Amino acid sequence: MKAPQQMSRTAVLVEGALMVALAFVLSYLSFQPLPWGGDITLLSTLPIVMMSLRHGAKWGVGTAGVYSLLQLVQGMPNVVAVPVKTVWTMALCALLDYVLAYTALGFSGPIAQRFKHRTAGIAAGIALTGLARFACSFLSGVLIWGQFAWDGWPVWLYSLAYNASWCLPDVFLTLVAALLLSRVRVLGLLPQQHGVAV
């Protein structure tokens with residue numbers, strides 16, 4: 001595999017398309033889909049994170065943005081199932097649960113680049129973008145899905161528990177897999193940081 005600095009624009013574009021396709025296929029391999037969206041998948045966000053770690057902000061965010069639109073198509077039954085069916089609530093659902101949540105993953109690489117220690121950078125990049133994804137889902141739970149809160153639970157606590165139950169394990173699995181793959185030098189994760197501490 002070529003180092004990212006040596007790849008042509010076309011080659012990076014093809015890689016991005018393959019990463020989106022792989023992520024989309026992996027998104028169907030889930031452990032326990034929840035009734036109002038969210039599930040722990042078999043590393044479906046890993047290809048998107050890797051694209052960001054290999055090629056930086058422009059390609060990472062672009063790839064994540066395309067993936068977010070595919071996730072929106074996949075999750076359209078949830079968007080049209082919002083409790084209060086207005087154009088605004090469906091648009092907010094689409095934005096928070098899909099577009100913003102998944103596009104945030106594209107910033108993993110730029111965040112990781114800020115760290116001198118490569119392993120710490122990768123961990124921080126994935127953890128922080130995973131937290132941003134969680135925050136989007138949490139807000140959606142509070143603003144849109146609150147009427148499904150469990151009996152006796154405040155809406156904010158319901159949203160926190162519901163979204164933490166699937167999002168945090170999903171982020172953790174991606175983080176562990178990315179750290180393992182970062183040891184494979186040929187993958188070129190954070191290539192601009194060659195020579196820094198691992």
Side-chain angles (χ1 to χ4, degrees), residues 16 19-20 23-52 57-112 124-150 153-175 178:
M19 290 295 197
V20 168
F24 193 63
V25 168
L26 290 174
S27 74
Y28 281 96
L29 304 176
S30 64
F31 296 103
Q32 182 60 54
L34 297 177
W36 306 115
D39 55 14
I40 303 167
T41 65
L42 186 61
L43 303 173
S44 66
T45 58
L46 181 62
I48 306 304
V49 166
M50 286 184 62
M51 190 70 185
S52 182
K58 180 176 80 170
W59 290 104
V61 172
T63 303
V66 170
Y67 182 62
S68 77
L69 297 178
L70 288 176
Q71 282 297 308
L72 176 58
V73 171
Q74 187 181 32
M76 196 54 71
N78 283 340
V79 173
V80 298
V82 294
V84 179
K85 289 180 176 55
T86 68
V87 171
W88 300 113
T89 55
M90 288 190 283
L92 187 60
C93 177
L95 194 63
L96 288 175
D97 286 330
Y98 300 98
V99 178
L100 291 178
Y102 287 99
T103 301
L105 300 174
F107 290 97
S108 298
I111 291 170
I126 293 170
L128 289 174
T129 56
L131 185 60
R133 180 182 172 206
F134 171 76
C136 288
S137 296
F138 170 76
L139 281 174
S140 176
V142 170
L143 298 173
I144 299 168
W145 302 99
Q147 79 175 50
F148 295 108
W150 303 309
W153 285 61
V155 170
W156 69 269
L157 187 57
Y158 157 75
S159 183
L160 188 72
Y162 181 96
N163 290 297
S165 72
W166 65 267
C167 190
L168 299 185
D170 206 52
V171 171
F172 178 76
L173 290 173
T174 298
L175 193 152

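The shown structure was predicted, so the numbers you read here are calculated from the model rather than taken from an experiment.
Residues in residues 62-81 take part in these ring-ring contact (aromatic ring centres under 6.0 Å, His included) pairs, two or more places apart or across chains: Tyr67-Tyr102.
Annotation: the span from Gln71 atom CD to Met76 atom CE amounts to 11.5 Å, rounded to 0.5 Å. Remark: Leu29 CG to Ile40 CD1 distance equals 14.0 Å, nearest 0.5 Å. Residue Met50 holds its CE atom at 11.0 Å from CG of Leu43, rounded to the nearest 0.5 Å. Between atom OG of residue Ser140 and atom OH of residue Tyr98 there is a gap of 8.5 Å, rounded to the nearest 0.5 Å. Here OG1 of Thr174 is found 10.5 Å from CD1 of Ile48. Values are rounded to the nearest 0.5 Å. The CG atom of Leu143 sits 7.0 Å away from atom CG of Leu96, with the distance rounded to the nearest 0.5 Å.
Scanning for ring-ring contact (aromatic ring centres under 6.0 Å, His included) contacts around Phe134 gives an empty result, with sequence neighbours left out. In this structure Ser44 satisfies the side-chain hydrogen bond (donor to acceptor under 3.5 Å, both in side chains) test together with Thr41, sequence neighbours excluded. Remark: Ser68 pairs with Thr103 by the side-chain hydrogen bond (donor to acceptor under 3.5 Å, both in side chains) rule, at least two apart or across chains. Judged as a ring-ring contact (aromatic ring centres under 6.0 Å, His included), and not counting sequence neighbours, the contacts of Trp150 are Trp153, Tyr158. Checked against side-chain hydrogen bond (donor to acceptor under 3.5 Å, both in side chains), Thr129 has the following partners two or more places apart in sequence or in another chain: Ser108.
When all heavy atoms of Val142 and Trp156 are compared, the pair lying nearest together is CG2-CA, 3.9 Å. When every heavy atom of Gly130 is checked against every heavy atom of Val171, the shortest pair comes out as CA-CG2, 3.6 Å. Closest of all the heavy-atom pairs between Cys136 and Leu100 is SG-CB, 3.8 Å.
In this structure, the side chains of Leu160 and Leu157 come closer than 4.5 Å at one or more pairs of heavy atoms. Put simply, the side chain of Ser52 does not reach to within 4.5 Å of the side chain of Val61, judged on heavy atoms. Here the side chains of Lys85 and Val80 are not in contact, with every heavy-atom distance at 4.5 Å or above. With contacts defined as side-chain heavy-atom distances shorter than 4.5 Å, the pair Phe148/Tyr162 does not qualify. In this structure, the side chains of Gln74 and Tyr28 come closer than 4.5 Å at one or more pairs of heavy atoms.
Residues Thr89 and Thr86 bring a donor and an acceptor atom of their side chains to less than 3.5 Å of each other.
Within the 3.5 Å criterion, the main-chain N or O of Trp59 finds a donor-acceptor partner in the side chain of Thr63.
A side chain to side chain donor-acceptor pair (under 3.5 Å) with Arg133 is found for one member of Asp170, Asp97, Asn163 and no other, namely Asp170.
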